[in-house]
A.B. asks: 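Dumping the structure here so I can ask a few things about it.
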Amino acid sequence: MNAPNAAHEPLDARDRPARLTVGVVGAGRVGPALAAALRLAGHRPVAVSGVSDASVRRAAALLPDVPIVTPAEVLARAELVLLTVPDDALPGLVEGLAETGAVRPGQLIVHTSGRYGTRVLAPALRAGALPLALHPAMTFTGTSVDVQRLAGCSFGVTAPAELRLAAEALVIEMGGEPEWVAEESRPLYHAALALGANHLVTLVAQSMELLRTAGVEAPDRMLGPLLGAALDNALRSGDAALTGPVARGDAGTVAAHVAQLREHAPQAVAGYLAMARTTADRALAHGLLKPELAEDLLDVLADGGSTDGGSTDGGSTDGPKGEDR
């Protein structure tokens, strides 16, 4: 393989060496892990920037012996630069780096934001950089386990046509699978991931808290097999995997749930009702929830959990009219 261009001369993407010097701007949970993965593929991390003590510790753990420098110095040293900062900070960072002359012609500038495509890198493009948007669809811990989790991880990729091969190669070298996302679809793509992954963490954390309140000593052990099976079924079958009292139309049971939540965890009521309404709508649309049972259920949800004549003691878990789960 060719050695990195020490003189930093402008390079055409087709002539770029296969092994690159790598810099990271923003040593959060994502950047050091991606740089470590690139190191395993033969690339050479040479600089990283980080402000907080946690960032410095992450960089030291995942990128030992890589100096911590300013963002401008990262760009001065690296041919491939990973911009791994929060989404809202990215536009200002790119503009600032371009205005100060830190961006060099032929330099690969890669951001990992899910929200943005390559349009946010326009200031760097005008300075001659090669823009790529590579977003790993993975949750990161900031530890070495993240590098292992990249194996088989999908990356939302947006790139100019002439850089598609370069983008694909980088993703594959990190162990990932490229999934092409159009520029205009990036916000929707990111919203979908946040809806599934970020809100899942909130739901699981709330569920564990409620189980502890109910006296369960090991809520994680109880939820693990259940949630694993639910996730697997959902990925395989979509809405057909829906189960539980909402999908069955058990209005009394749902009212009992809401009553208990109001007493023990009032902060969870709004979320329960919102998800139950969405679940009911989807179950009804897919023929899982019978229309004659949906009316009472939707009345309960509209009333915030109150129902006339429905059981609110939580004692019954049978389906309506003796139906199976």
A.B. asks: Any donor and acceptor pair, going by atom type alone, linking the side chain of T100 with main-chain N or O of L97 inside 3.5 Å?
C.D. replies: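 Indeed, once roles are kept as given, a pair shorter than 3.5 Å links the two residues.
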A.B. asks: Identify the residue among L82, V74, V46 that makes a side chain to side chain contact (heavy atoms under 4.5 Å, CB included) with V22.
C.D. replies: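 Among L82, V74, V46, the one that satisfies the side chain to side chain contact (heavy atoms under 4.5 Å, CB included) with V22 is L82.
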A.B. asks: Between Y116 and H111, is there a side-chain donor-acceptor contact under 3.5 Å, judged purely by atom types and distance?
C.D. replies: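 No.
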A.B. asks: Of all the heavy-atom pairs spanning P32 and V24, show the shortest one and how long it is.
C.D. replies: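 P32 and V24 have their closest heavy atoms at N-CG1, 4.4 Å.
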A.B. asks: Is there a side-chain contact between L121 and L83 in this structure, where contact means two heavy atoms from C-beta onward sitting under 4.5 Å apart?
C.D. replies: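 L121 reaches L83 side chain to side chain.
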A.B. asks: Is any side-chain heavy atom of T21 less than 4.5 Å from a side-chain heavy atom of H43?
C.D. replies: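 Answer no - side chains too far apart.
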A.B. asks: Could you report the tightest heavy-atom contact between A33 and L62, atom names first, then the distance?
C.D. replies: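 Nearest pair, atom of A33 first, then L62: N-CD1, 3.9 Å.
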A.B. asks: More than 12 heavy atoms of other residues, nucleotides or ligands under 6.0 Å from CD of E217: yes or no?
C.D. replies: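 Counting neighbours around CD of E217, 12 or fewer heavy atoms of other residues, nucleotides or ligands fall under 6.0 Å, so no.
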A.B. asks: Answer yes or no: does atom CD of E183 have more than 12 heavy-atom neighbours from other residues, nucleotides or ligands under 6.0 Å?
C.D. replies: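 For E183, atom CD is crowded (more than 12 foreign heavy atoms under 6.0 Å).
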A.B. asks: Checking side chain to side chain contact (heavy atoms under 4.5 Å, CB included) between S113 and each of L90, L134, T84, which is the one that passes?
C.D. replies: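 Of L90, L134, T84, side chain to side chain contact (heavy atoms under 4.5 Å, CB included) with S113 is met by L90 alone.
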A.B. asks: So, taking the atom named CG in L193 and the one named NE2 in H199, what distance separates them when rounded to the nearest 0.5 Å?
C.D. replies: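 If we round to the nearest 0.5 Å, L193:CG and H199:NE2 are 11.5 Å apart.
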A.B. asks: Does H135 have its ring centroid less than 6.0 Å away from the ring centroid of Y189?
C.D. replies: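 Yes, close enough.
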A.B. asks: Checking the side chain of R58 only, and the main-chain atoms of A27 only, is there a donor and an acceptor separated by less than 3.5 Å?
C.D. replies: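 Answer holds: yes.
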A.B. asks: Between E73 and R77, is there a side-chain N and carboxylate O pair less than 4.0 Å apart?
C.D. replies: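 Counted as a salt bridge, because a side-chain N and a carboxylate O are separated by less than 4.0 Å.
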A.B. asks: Taking side chain as C-beta onward, heavy atoms only, is L38 less than 4.5 Å from L170?
C.D. replies: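 When only atoms from C-beta onward are counted, L170 and L38 do touch, with a gap below 4.5 Å.
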A.B. asks: How long is the gap from CG on L130 to OG1 on T118, to the nearest 0.5 Å?
C.D. replies: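 Between atom CG of L130 and atom OG1 of T118 there are 11.5 Å.
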A.B. asks: Is R119 salt-bridged to E184, going by a charged N under 4.0 Å from an acidic O?
C.D. replies: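 Looking at R119 and E184, the cut-off is not met.
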A.B. asks: Between atom OG1 of T139 and atom CG of D146, what is the distance when rounded to the nearest 0.5 Å?
C.D. replies: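 With rounding to 0.5 Å, OG1 (T139) is 8.0 Å from CG (D146).
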A.B. asks: Measuring only between side-chain heavy atoms, which start at C-beta, is P131 closer than 4.5 Å to I109?
C.D. replies: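 The answer is no; the side chains never approach within 4.5 Å.
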A.B. asks: So with a 6.0 Å cut-off around CD1 of I172, is the heavy-atom count from everything else above 12?
C.D. replies: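 Above 12, so yes.
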A.B. asks: Give me the atom names and distance for the closest heavy-atom approach of A247 to A283.
C.D. replies: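 That closest heavy-atom pairing would be CA-CB, 4.2 Å.
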A.B. asks: Taking side chain as C-beta onward, heavy atoms only, is M208 less than 4.5 Å from R212?
C.D. replies: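 Touching, per the 4.5 Å side-chain cut-off.
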A.B. asks: Below 4.5 Å, heavy atoms only, C-beta onward: do V30 and P136 meet side chain to side chain?
C.D. replies: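 Yes, close enough: below the 4.5 Å cut-off.
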A.B. asks: Does T253 use its side chain to pair, donor to acceptor, with the backbone of P245 at less than 3.5 Å?
C.D. replies: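 No; judged by distance alone, with no hydrogens or angles, the pair does not exist.
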A.B. asks: Only one of V157, L150, L132 clears side chain to side chain contact (heavy atoms under 4.5 Å, CB included) with V171; which?
C.D. replies: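 The single option meeting the side chain to side chain contact (heavy atoms under 4.5 Å, CB included) with V171 is V157.
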A.B. asks: Is the closest basic N to carboxylate O distance between R277 and D281 below 4.0 Å?
C.D. replies: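 A salt bridge is absent here (no side-chain N lies under 4.0 Å from a carboxylate O).
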A.B. asks: What verdict does the salt bridge (charged side-chain N to carboxylate O under 4.0 Å, His left out) test give for R39 and E173, after you've listed the backbone C-alpha separation in whole Å, the side-chain angles of each residue and the deciding distance to 0.1 Å?
C.D. replies: CA-CA 10 Å; R39 169 181 272 172; E173 285 187 320; over 6 Å; no
A.B. asks: Does the side chain of P178 reach to within under 4.5 Å of the side chain of F155, using non-hydrogen atoms?
C.D. replies: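 Not touching, per the 4.5 Å side-chain cut-off.
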A.B. asks: Is a salt bridge present between R115 and D87, judged by a nitrogen-to-oxygen distance below 4.0 Å?
C.D. replies: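 Salt bridge flag = no for D87 with R115.
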A.B. asks: Which heavy atom of V103 sits nearest a heavy atom of L75, and at what distance?
C.D. replies: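 Closest approach of V103 to L75: CG2-CD2, 3.8 Å.
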A.B. asks: Please find the pair of heavy atoms, one from L297 and one from V246, that lie closest to each other, and give the distance.
C.D. replies: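 Heavy atoms only, the tightest pair is CD2-O, 3.4 Å.
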A.B. asks: Kindly give the heavy-atom pair with the smallest separation between M138 and C153, and that separation in Å.
C.D. replies: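 What the structure gives for the nearest pair is CB-SG, 3.7 Å.
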